[in-house]
Amino acid sequence: MPNGLRVVLSPDHTAPTATVAAYYAVGFRTEPRNRTGFAHLFEHLMFQGSQNLGKNEFIGLIQKNGGALNGSTRFDFTNYYEVVPAHKLETILWAEADRMRGLAITKTNLTNQQGVVKSEVRVNVLNQPYGGFPWLSMPQKANKNWNNAHNFYGDLKDLDAATLEDTKAFFKTYYAPNNAVLAVVGDFEPAEAKAWVQKYYGSIPSAPQPPKPDLTEPRQEQEQRFVQDDKLATKPALAFAYHMPERNTPEYYALVMLDQILLQGNDSRLYQALVQKRGYTDNVSGGINSDLGNQFNYNGPMLWMGSLVYDPTVQADSVVQVLDQEINRLARTGIDQATMDLAMVKIRSAFYDQVSGSDNFGRADLLAAFALFDNDPSRINRIESEFRKVTPELMKKTISEYLRPTNRTIITVNPLAKS
């Protein structure tokens with residue numbers, strides 16, 4: 001649109017519902033220095049009222065019309081979405097535009113939500129066993145660039161320091177239409193939806209955008225190891241992370257396939273080796289952008305990460321030894337076509353589960369992310385073909401460069417609570 005808002009329409013008449021997803025290109029990595037947690041704080045403020053809707057009225061409007069909604073803060077965006085009966089699409093477009101046009105930013109709302117977020121940090125991180133492990137702690141240890149390595153949930157002192165002027169400036173800059181994507185998926189006619197978007201969003205002014213921060217990470221040349229004391233944990237835990245290839249490169253697609261082979265599902269090499277064969281643990285979890293999205297909806301450096309809580313009789317080095325053995329076995333023997341085919345089946349299954357979910361959010365998420373990061377939402381139609389280009393030779397090369405121990409960070413949790 002003339003004001004810079006990118007709009008993606010994807011009709012689907014399977015069910016009489018419509019999904020609206022508003023994505024803003026500001027996330028954990030791009031929040032201001034000395035304002036850690038600001039992107040997440042703002043996610044909460046977006047539900048406190050706007051020009052024509054009072055406090056909590058946005059939520060009430062959706063729910064009274066039989067809809068569902070949510071919002072989240074991720075590495076590279078903050079998103080808000082609503083799923084409503086199809087005949088309420090125009091109402092929701094109006095309401096979402098009302099937030100973009102003018103949020104109710106008051107001292108009362110700011111103070112209130114600072115308290116809510118600080119409480120969330122205490123409940124979810126500080127007062128939980130394994131709180132923030134490893135999704136919050138690992139990026140801070142594995143990365144060197146401040147943008148990728150700060151506490152993005154927010155230091156309590158930084159959350160307290162946020163002023164009304166900071167908040168208004170943040171909204172005016174990052175919540176402008178030229179820093180946003182709107183995705184609409186579901187049972188609608190494109191011409192009608194287009195007219196509604198024009199009607200409600202067309203007059204919202206754009207805003208100058210600051211330069212994009214440099215997110216690059218230096219090549220890691222030495223393994224890093226850290227120990228994290230946990231006064232609430234009763235069993236030791238271990239997390240490992242390797243720096244990923246750059247997004248959308250051939251090696252990136254290869255590592256997504258390696259993630260399926262090594263880590264995803266009960267047939268994965270690490271589950272079989274650590275759970276089934278040795279009984280060190282009852283589960284191994286993780287992946288690419290795990291806990292904060294999926295392997296497609298980020299835009300910058302990323303970690304391939306796994307974690308497990310394991311038996312106290314087991315040494316951490318024994319767990320790492322199994323990890324090395326399984327990776328080295330793939331490097332040494334190569335990856336046969338049957339293994340590649342199985343990985344492809346798992347990737348296709350997960351991908352089509354995502355884009356065909358009953359609420360259409362999975363499809364809206366990918367369309368919005370590809371529009372936001374690549375200016376190309378049609379990438380969604382080429383995902384499968386990119387994976388089919390991956391060869392056993394490329395897999396071997398990717399293992400050698402990216403799954404080497406010197407590209408790895410390990411955090412072990414030292415449990416201090418009595419079982």
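Remember, predicted model here, so these are calculated numbers, not experimental data.
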Is a donor on one side and an acceptor on the other found under 3.5 Å between the side chain of [X] and the backbone of [Y]?
{"X": "R99", "Y": "M46", "value": "yes"}
{"X": "Q114", "Y": "A162", "value": "yes"}
{"X": "S356", "Y": "Y352", "value": "yes"}
{"X": "N145", "Y": "D214", "value": "yes"}
{"X": "Q228", "Y": "N414", "value": "no"}
{"X": "D76", "Y": "N299", "value": "yes"}

- prompt: Does a sphere of radius 6.0 Å around NZ in K397 hold more than 12 heavy atoms from other residues, nucleotides or ligands, not counting ones at 6.0 Å or beyond?
  reply: no
Pair [X], [Y]: side-chain N/O donor-acceptor within cut-off below 3.5 Å:
{"X": "E120", "Y": "H44", "answer": "yes"}
{"X": "Q209", "Y": "Y174", "answer": "no"}
{"X": "Q321", "Y": "D317", "answer": "no"}
{"X": "T78", "Y": "E43", "answer": "no"}
{"X": "N248", "Y": "R379", "answer": "yes"}
{"X": "T163", "Y": "D166", "answer": "yes"}
{"X": "N151", "Y": "D155", "answer": "yes"}
{"X": "Y81", "Y": "D365", "answer": "no"}
{"X": "Q295", "Y": "D259", "answer": "no"}
{"X": "H40", "Y": "E31", "answer": "no"}
{"X": "N283", "Y": "S285", "answer": "no"}
{"X": "S72", "Y": "N79", "answer": "yes"}
{"X": "N407", "Y": "H243", "answer": "no"}
{"X": "R363", "Y": "S10", "answer": "yes"}
{"X": "N148", "Y": "R29", "answer": "yes"}

If I take atom [atom1] from residue [X] and atom [atom2] from residue [Y], how far apart are they, to the nearest 0.5 angstrom?
{"X": "T339", "Y": "M344", "atom1": "OG1", "atom2": "CE", "value": "15.0 Å"}
{"X": "K172", "Y": "L103", "atom1": "NZ", "atom2": "CG", "value": "14.5 Å"}
{"X": "Y280", "Y": "Q315", "atom1": "OH", "atom2": "CD", "value": "10.0 Å"}
{"X": "S400", "Y": "M395", "atom1": "OG", "atom2": "CE", "value": "14.0 Å"}
{"X": "N381", "Y": "F370", "atom1": "CG", "atom2": "CZ", "value": "10.0 Å"}
{"X": "N56", "Y": "Q48", "atom1": "CG", "atom2": "CD", "value": "6.0 Å"}

message: Tell me whether the rings of W304 and Y242 are parallel (<30°), tilted (30 to 60°) or perpendicular (>60°).
response: tilted
field: Test log, rule side-chain contact (heavy atoms from CB on, under 4.5 Å), inputs I335 and L258
entry: CA-CA 10 Å; I335 298 169; L258 286 164; 3.7 Å; yes
Stepwise salt bridge (Lys or Arg N to Asp or Glu O under 4.0 Å) test for D376 and R382: CA-CA 11 Å; D376 182 15; R382 302 192 299 274; 2.5 Å; yes
Partner of Y24 by ring-ring contact (aromatic ring centres under 6.0 Å, His included), out of F170, Y175, F171: Y175
- prompt: Is the distance between the ring centroids of Y298 and F75 under 6.0 Å?
  reply: no
task: Could you walk me through whether S50 and D98 pass side-chain hydrogen bond (donor to acceptor under 3.5 Å, both in side chains), step by step?
output: CA-CA 6 Å; S50 54; D98 201 57; 2.7 Å; yes
query: Do the charged groups of K235 and D230 touch, with an N to O distance under 4.0 Å?
result: no
task: Any chance you could lay out the side-chain hydrogen bond (donor to acceptor under 3.5 Å, both in side chains) test for T36 and D158, step after step, and finish with the verdict?
output: CA-CA 6 Å; T36 61; D158 282 355; 2.8 Å; yes
task: Could you give me the CA-CA distance, side-chain angles and deciding distance for N297 and N289, then say whether side-chain hydrogen bond (donor to acceptor under 3.5 Å, both in side chains) is met?
output: CA-CA 8 Å; N297 63 358; N289 197 19; 3.1 Å; yes
